[in-house]
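Structure record follows, encoded as structure tokens.
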Number of protein chains: 2
Amino acid sequence: MRRIVSLFIVCFSLVSFGAYAAETQHGPATISSPDHVLSVSLTATPSGVTYSVSRFGEPVVDASRLGLRFKNARALSTGLEITGVKTRSVDNTWKQPWGEREYVRNHYNEMTVDLTEVRASQGADSGRHFQVVFRVYDDGLGFRYVFPKDSGLGKVEITKEMTEFNFHDDATAWWIPSRGWNRYEYLYQKTPLDEVTMAHTPFTIRTKYGLHISVHEAALVNYSGMSLRRVSSRHFVADLAPWSDGVKVKTKAPFVTPWRTMQIADSAGGLIMSDLILNLNEPNKLGDVSWIEPGKYVGVWWAMHLGKWTWGSGPHHGATTKNVKDYIDFAAKYGFKGVLVEGWNQGWDGDWFNNGSKFSFTKAYPDFDFKELSKYAAKRGVRIIGHHETAGDVCNYEKQMNAAFALDEKMGVRQVKTGYVANGGELIRCDKHGKIHNEWHDGQFSAEHHIRVLEAAAKHHVSIISHEPIKDTGLRRTYPNWLSREGARGQEYNAWGTPGNPPSHTAILPFTRMLSGPMDFTPGIFDLLYPKAKPNNRVSTTLAKQLALYVVLYSPVQMAADLPENYLKHMDAFQFIRDVPTDWADTRVLTGEIGEQVTIVRKDRHSEDWYLGSLTDEHGRFMKVSLGFLTPGVTYEAQIYADGPNAHWKTNPYDMTIKKIKVTSADTFPIRLAAGGGMAVRFTPVKK
Amino acid sequence: MRRIVSLFIVCFSLVSFGAYAAETQHGPATISSPDHVLSVSLTATPSGVTYSVSRFGEPVVDASRLGLRFKNARALSTGLEITGVKTRSVDNTWKQPWGEREYVRNHYNEMTVDLTEVRASQGADSGRHFQVVFRVYDDGLGFRYVFPKDSGLGKVEITKEMTEFNFHDDATAWWIPSRGWNRYEYLYQKTPLDEVTMAHTPFTIRTKYGLHISVHEAALVNYSGMSLRRVSSRHFVADLAPWSDGVKVKTKAPFVTPWRTMQIADSAGGLIMSDLILNLNEPNKLGDVSWIEPGKYVGVWWAMHLGKWTWGSGPHHGATTKNVKDYIDFAAKYGFKGVLVEGWNQGWDGDWFNNGSKFSFTKAYPDFDFKELSKYAAKRGVRIIGHHETAGDVCNYEKQMNAAFALDEKMGVRQVKTGYVANGGELIRCDKHGKIHNEWHDGQFSAEHHIRVLEAAAKHHVSIISHEPIKDTGLRRTYPNWLSREGARGQEYNAWGTPGNPPSHTAILPFTRMLSGPMDFTPGIFDLLYPKAKPNNRVSTTLAKQLALYVVLYSPVQMAADLPENYLKHMDAFQFIRDVPTDWADTRVLTGEIGEQVTIVRKDRHSEDWYLGSLTDEHGRFMKVSLGFLTPGVTYEAQIYADGPNAHWKTNPYDMTIKKIKVTSADTFPIRLAAGGGMAVRFTPVKK
């Protein structure tokens, strides 16, 4: 761990409580961040409760309403008074079992505001009370509603969370639409803030004066996911994903809402460096998690996207014992820990998309000998990565998942990739009468289902990589077996669509989707054009950019997604994938502009090596960075995988220059990225 | 000098010449930069000659016309053929006598294209020929027209330089208007590129995809200054400042034009790191320049702007022997090398603005005993800095300047501040018949005058700090006694106007005006509100930001501009001004966005100290930077002058926190800037 000035390295906790009297029962009650960067104020007037955010004394979020509406009770929004304010300061550092950095500092000032209905004017519901808790960091803030047991609420059905985000300044927004046909798999739009309609979070904007703000949520538990709906100019309101009956959240006191978060930074890279989302989640609930294994994997997957193999049975069935043995051999030979096998289980034949109930998660196809492969893999130090595609039929899956994870455990499986391929709003829930209901991927049902899966899997020492998931809100801190997930357009779009993901896509992800947590993007396609398989499709990157993705797009599990034969044709470039780890002691952002370019360096958690990944959109870049992150006084060999002199994603994607040079922390290092290109570097200390 | 990867440290020169045949006589003739970042092509069709610029294979400047028009000869623009192409590569490193860095690398590929008129079709003028020379660097390019003795031109009067800049992409531009009433002393406008009218250079834009381009010129000698006039959408044409008779340039073959330059970088800071302008100038012509002394000064100046003293004679005359002795005492006590004295000479009384001819540059006011003060200063290790305000009457000044510099030399004066206070187009030239003509500050007359001054001054070992000057084009390389100049809105606007320079002004200057060279901004005002002197005016910065200016706005001479009594009230903050040097071994840009914020670190040329200056516009900033520029393994004391927790330029400008902490090159350092604020840091090695 590198020293950060004025950061205490050793883990410690400094907690001080203070009582604070708001000036009146209307407020404002105000709290500032530790270094007086951000301030939040809450005001309660008879007509409503609002909060506002300022930075260095200048407004960032203007007065924005707080409150909730219920199905069978009066809204909690007007007629509220401040009946108590408590503040405290917290500064501690905690250790991640795996992650972008080993130690995370959690340094904030907290203000808890008690709000109580004025008895005189409210009738039956009067006297109800709740709290709004603000945690204010120098690089962002979170707030949540807290309803204690005696809040007067009891069982509630929330029909609207009135939380607003009333941005003070014009801005550019990068966003994907919510409540559409899809989950989160859209290309990002870049528009003026006042042209956004309804957007998923993380929702990232850059104000006209260069302030970067990303709105998201943390700790989405027993609640519905929040989207942002624009109601006027720069004024947004929370929009919770509904249950199929239209209610947004079904719960009972005591309960808390997820944290509504804003990461706020002057540089785009500052957003990436923020640990706000993790800090606002609860600590590890699973106890000993030494069985959780970050690592790299290959697998039976891309061949299906190329149309070479099939998920279902038949002459081209991919998940055969023979094919998987070949993959196990390849994995063992080149140092991969895992072999993902999709299409191993019964249920894939026919229209599986509309028949998720037919999937078995314990019965293999006859040509897939799970037991035999389990032994074969174990002997070679490799593990099978299981696959549970539900087609969104959660009902069917929940019935089988305990047995499935038990089988996985028996077979030495430590990671399972789950899948919820179903259109937006079409997750299948069956009630206790066996009736089917269609629910959203980001609704409360989905939020609760995913945690049920994590808990069931943990009992069998299985970790989860969710595809078509609910969005990440940092729950990996609480459930460290939630290793990774999809939740954005990944590599497979480059096999399906024309033109697939444009070069800018992976220059937007780090500042949007990746702020929520790890993504199983599945990088590493080396046959960028696959002319035989899909002549009209292609991967819109250079070869070097495929390598850069391993560092830029963080995930504790990373796939080498291409076919083994394509790696064998580029053994020089493949070396980087063999070398790059997936678990880090430290992370720094060296350059970055949203949708343009990003350069990230990360230190291996298990060696003194550093890795650099840099990538650009469709425009070439030439930048110089300081290597000051390297350990002073140590000479490193930089193993550089760079775009060649004539590289261009469209016309010459394979042109790559691999070279080794000696560098130290005192050096300035040139980063040259071709149009649609990238750069990957391993820095390894020179043995004396 | 810090090592830069792949840069050869020792000074050497690698020159290779190559002959290159354009594909046809129409071209294109093409050359790329050393690392294949930029490419330039020249095409000559019967209808005209054009160049274009691409970067990583993508267009940056579309086909843009080249050519010249003359008063008494056919234009050189059509009917030209390529009759030869020569290329060479150059890579050497040269040493600056003073500057932002000690060693400057000059690494480019050059292409010289011979263009000849087609005899058959042109009549009398046919057969004329000239060259266009391109020097292409990875971070920019320059090109110039070269007319050899046998070009067929002889004596010429240029009426138009047809050079165009046809930008490919939409962009945002930061610019000041040219050909207005003023010289360069405007607030910068930020507009879409296609709303620019006519702009001075450096003219800086940021394209919609984050490419930063600054158009300027280098080595403006015997030629008129170039502005840019927009003719359609993103299409600009060179607009030369005219002589009073309308002719743009009067010269004769052989001659060369100044280099037309484009600095091109992905980051805003990359523009600052470019040495293109200096590299395109000729080496030092003055020989031994050990008599040139960078340094800090105080002086009789701000008191006049505040209305406390007067330039002219009378009861409040500033430049009295008594007052100047006080300044000399102050300078000696606190380590300043120079004491500027304005208003010492006869001519200030009455309407001096319209009576520049009345100025004497050798006759002092009776209450100013030059000889006595010269001795007094010398005894205290201080030098008087002379002052020659011409009110634009170059005619009067040129008659006296040799005698004036001789007097200065006798008096131990090593630096003279010159002034050309006159409206745009009102420099006074007298022809050999004694007739008066009004010329532009950026016209050929002014360009030639300034060099005459430099040469006259050099004979007496005097260096020049020009105010209301012609713009800088890097001639300090050739004439190292051209120490600094104004050429933008400086500090005095904060005394004159309401509201003076807004907080963003100094966040724009580094990416525009400062790209041309040093500026005598005169920072360091500590009495930010001067309520007695000018209650409606103020300096729109925090106190800490005044300190940051010493590092951010480079000049080899820097004034501590405020009254001595105001420094004595803030001795803690004053310590930074006492410490900060003005001559640097190295410079790095750590953060920067045009008009928003900038952070620059510079290493003292005469010690192991580093200095950091960071400043922002009207918005507070909170950023973290790597201290990797420090020497590895050395512990430094960081002496930090930061905005206090409640600082704000408008409401609380004096809130400042000064602290000392220990740091090393491995640290990450927080930069916290209040709204309109700044930060200054001295890093000094801890003695063991």
Side-chain angles (χ1 to χ4, degrees), chain A residues 2-7 32 35-37 55-58 138-139 209-211 264-267 270 273 588 590-591 593 595-597 616-624 626-633 638 645-648 651-652 661 663-670 672-675 677, chain B residues 2-7 32 35-37 55-58 138-139 209-211 264-267 270 273 588 590-591 593 595-597 616-624 626-633 638 645-648 651-652 661 663-670 672-675 677:
Chain A
R2 307 299 291 263
R3 197 158 74 90
I4 297 169
V5 170
S6 86
L7 189 158
S32 289
D35 213 359
H36 298 266
V37 175
R55 193 168 190 262
F56 293 104
E58 300 292 321
D138 286 322
D139 64 359
Y209 63 89
L211 191 66
I264 304 180
D266 287 287
S267 67
M273 290 298 284
R588 313 261 184 105
L590 302 187
T591 76
E593 291 292 343
E596 296 177 1
Q597 47 77 19
T616 181
D617 61 1
E618 66 271 33
H619 301 282
R621 308 283 172 185
F622 187 65
M623 307 177 288
K624 287 178 181 168
S626 161
L627 298 186
F629 55 88
L630 297 175
T631 300
N646 301 307
H648 191 293
T651 57
N652 200 0
I661 62 171
V663 299
T664 75
S665 72
D667 289 330
T668 295
F669 188 82
R672 184 188 172 283
L673 311 173
Chain B
R2 305 299 290 263
R3 196 158 76 91
I4 296 171
V5 171
S6 86
L7 190 157
S32 290
D35 214 358
H36 299 266
V37 174
R55 193 169 191 260
F56 292 105
E58 301 291 320
D138 286 322
D139 64 0
Y209 64 90
L211 191 67
I264 303 179
D266 286 286
S267 66
M273 290 299 284
R588 312 260 183 106
L590 301 189
T591 75
E593 292 291 343
E596 297 177 1
Q597 47 77 19
T616 182
D617 60 3
E618 65 271 33
H619 301 282
R621 308 282 174 183
F622 187 64
M623 307 177 288
K624 287 176 181 170
S626 161
L627 299 185
F629 55 88
L630 297 174
T631 300
N646 302 307
H648 190 294
T651 57
N652 199 358
I661 62 171
V663 299
T664 74
S665 73
D667 288 329
T668 295
F669 188 81
R672 185 188 171 285
L673 310 173

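Everything numeric in this text was worked out from a predicted model, so none of it was measured. In what follows, chains carry the letters A, B, and so on, assigned in the order in which the sequence lines appear, proteins first and then strands, with residues in each chain numbered from 1.
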Please report the closest heavy-atom contact between B/N652 and B/N646, naming both atoms and the distance. ND2-O, 3.1 Å
Out of B/R672, B/E58, B/H648, B/M623, return the one with the most heavy atom pairs under 4.5 angstrom to chain A. B/R672
With chain A, which of B/E618, B/H619, B/E593 has the greatest number of heavy-atom pairs at distances under 4.5 Å? B/H619
Where does A/L673 contact chain B at under 4.5 Å (heavy atoms): side chain, backbone, both or neither? backbone
In terms of heavy-atom proximity below 4.5 Å to chain B, should A/A675 be classed as side chain, backbone, both, or neither? both
Say whether B/T591 and B/Q597, considering side chains only, have a donor N or O and an acceptor N or O under 3.5 Å apart. yes
Those residues that, when tested against B/D266, pass side chain to side chain donor-acceptor pair (under 3.5 Å) (two or more places apart): A/R621, B/R55
For B/S626, enumerate each residue passing the side chain to side chain donor-acceptor pair (under 3.5 Å) test, keeping only those at least two apart in sequence or located in another chain. none
